[in-house]
Participant: 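Right, I'll just put the structure down here and ask away after.
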Amino acid sequence: MTKQTTLDPFSLWKSMYEQTESNLSDAIHETLKKEEYAEYLGHLQSGYLQYQQFIQSATDAYLKQINVPTREEISSVASLIINVEEKVENLDEKIEDEFLNQNVSSEITKLKASITRLDKKMSQILKILTNEEEQSTQNTPSPSSEQNPEQQEQKQDQEQNQEQNQEQNQEQNQEQKPE
């Protein structure tokens, strides 16, 4: 019985890749070890740096001709703006502190004045009350003091009942009103 082998393209590709990769890797390592290659890279890098300097100077010259600010000029203006913003914030804080201090001090003086006025009024009220007390002790007893405590309680109960009746009447009137 014969075995038929089919052609496997992936195995061919893999073996070809492995052989090529090892050969290329060896060639690249040998090239990188050579001094000529290092010199070539040095020349290439210096050429790129010269090209970059030329482009930068040409761009700066062009921007100056058309009156457009360069990157350095924009960054210096930005730093100046930041400094001005900080100074404005500091001034704003100082103004707020001064304003608050003035408001607080004016409020304190107003409170002191109102307290002295209230104190004077309270002393006047006390004088009036003491004068009335003295007069009441000198005069005959008032009719409310002549009533006994039971009569006073009855009178208070009657007043409370009247108030409750009035409230109930008001509620009923509100419910009966059409909207």
Side-chain angles (χ1 to χ4, degrees), residues 2-129 163 167 170-179:
T2 60
K3 287 186 179 179
Q4 290 182 344
T5 59
T6 58
L7 184 60
D8 186 12
F10 290 112
S11 63
L12 284 174
W13 178 77
K14 183 178 178 186
S15 65
M16 187 174 73
Y17 169 76
E18 288 172 353
Q19 290 173 1
T20 308
E21 190 268 332
S22 65
N23 290 338
L24 271 173
S25 176
D26 291 340
I28 289 173
H29 282 297
E30 286 178 21
T31 304
L32 290 177
K33 290 179 184 177
K34 291 183 181 178
E35 193 171 318
E36 294 91 22
Y37 181 74
E39 287 178 9
Y40 171 73
L41 281 180
H43 290 298
L44 186 66
Q45 186 178 16
S46 67
Y48 176 73
L49 290 174
Q50 288 175 354
Y51 171 74
Q52 191 176 14
Q53 286 175 348
F54 170 74
I55 293 295
Q56 182 67 36
S57 63
T59 304
D60 288 344
Y62 175 72
L63 291 176
K64 284 181 183 178
Q65 284 179 352
I66 61 171
N67 288 332
V68 174
T70 62
R71 183 176 294 155
E72 291 83 18
E73 292 171 340
I74 291 173
S75 65
S76 68
V77 168
S79 66
L80 291 174
I81 289 173
I82 291 171
N83 290 338
V84 168
E85 285 177 349
E86 289 175 359
K87 289 179 182 178
V88 167
E89 286 177 5
N90 290 339
L91 288 174
D92 189 33
E93 288 175 3
K94 287 181 182 178
I95 289 171
E96 284 180 6
D97 290 343
E98 289 294 321
F99 183 70
L100 289 176
N101 288 338
Q102 287 176 352
N103 281 346
V104 169
S105 63
S106 67
E107 289 294 322
I108 289 173
T109 55
K110 288 178 184 177
L111 284 173
K112 286 180 181 178
S114 65
I115 287 173
T116 55
R117 286 192 306 263
L118 285 174
D119 191 31
K120 289 178 183 177
K121 288 180 182 179
M122 288 296 290
S123 63
Q124 289 174 355
I125 291 171
L126 285 174
K127 284 180 184 178
I128 292 171
L129 287 176
E163 288 176 4
E167 290 176 0
Q170 287 177 352
E171 290 175 1
Q172 288 174 354
N173 288 339
Q174 289 177 353
E175 290 174 357
Q176 293 175 355
K177 288 183 181 178
E179 294 182 1

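Note that the structure is a prediction, hence the values are computed from the model and not measured.
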Participant: Hey, what do you get for OG (Ser105) to CD (Gln102), rounding to the nearest 0.5 Å?
Facilitator: 6.5 Å
Participant: Hey, what's the ring geometry for Trp13 with Tyr17, parallel, tilted or perpendicular (30° and 60° as the breaks)?
Facilitator: parallel
Participant: Could you give the side-chain donor-acceptor pairs of residues 21-34 under 3.5 Å, partners two or more places apart or in another chain?
Facilitator:
{"from": "Ser22", "atom 1": "OG", "to": "Glu18", "atom 2": "O", "distance (Å)": "3.3"}
{"from": "Ser22", "atom 1": "OG", "to": "Gln19", "atom 2": "O", "distance (Å)": "3.0"}
{"from": "Asn23", "atom 1": "ND2", "to": "Gln19", "atom 2": "O", "distance (Å)": "3.3"}
{"from": "Thr31", "atom 1": "OG1", "to": "Ala27", "atom 2": "O", "distance (Å)": "2.8"}

Participant: When you measure from the side chain of Ser15 to the backbone N and O of Leu12, does any donor-acceptor pair fall under 3.5 Å?
Facilitator: yes
Participant: So, for Ser79 and Ser76, which heavy atoms are closest and what is the spacing to 0.1 Å?
Facilitator: OG-O, 2.7 Å
Participant: Can you measure from CG (Asp97) to CG (Asp92) and round to the nearest 0.5 angstrom?
Facilitator: 9.5 Å
Participant: Let me know which of Ile115, Thr109, Ile108, Thr116 forms a side-chain contact (heavy atoms from CB on, under 4.5 Å) with Lys112.
Facilitator: Ile108
Participant: Is it the case that over 12 heavy atoms from other parts of the model lie below 6.0 angstrom from the CD atom of Glu35?
Facilitator: no
Participant: Hey, could you give me the CE/OG distance between Met16 and Ser11, rounded to the nearest 0.5 Å?
Facilitator: 11.5 Å
Participant: Contact between Glu86 and Ile82 at the side-chain level, heavy atoms closer than 4.5 Å - yes or no?
Facilitator: yes
Participant: Quick one: CD on Glu72 to CD1 on Ile74, what's the gap to the nearest 0.5 Å?
Facilitator: 9.5 Å
Participant: Distance check, rounded to the nearest 0.5 Å: Gln124 atom CD versus Asp119 atom CG?
Facilitator: 10.5 Å
Participant: Any chance you could measure Leu111, atom CG, to Ser106, atom OG, to the nearest 0.5 Å?
Facilitator: 9.5 Å
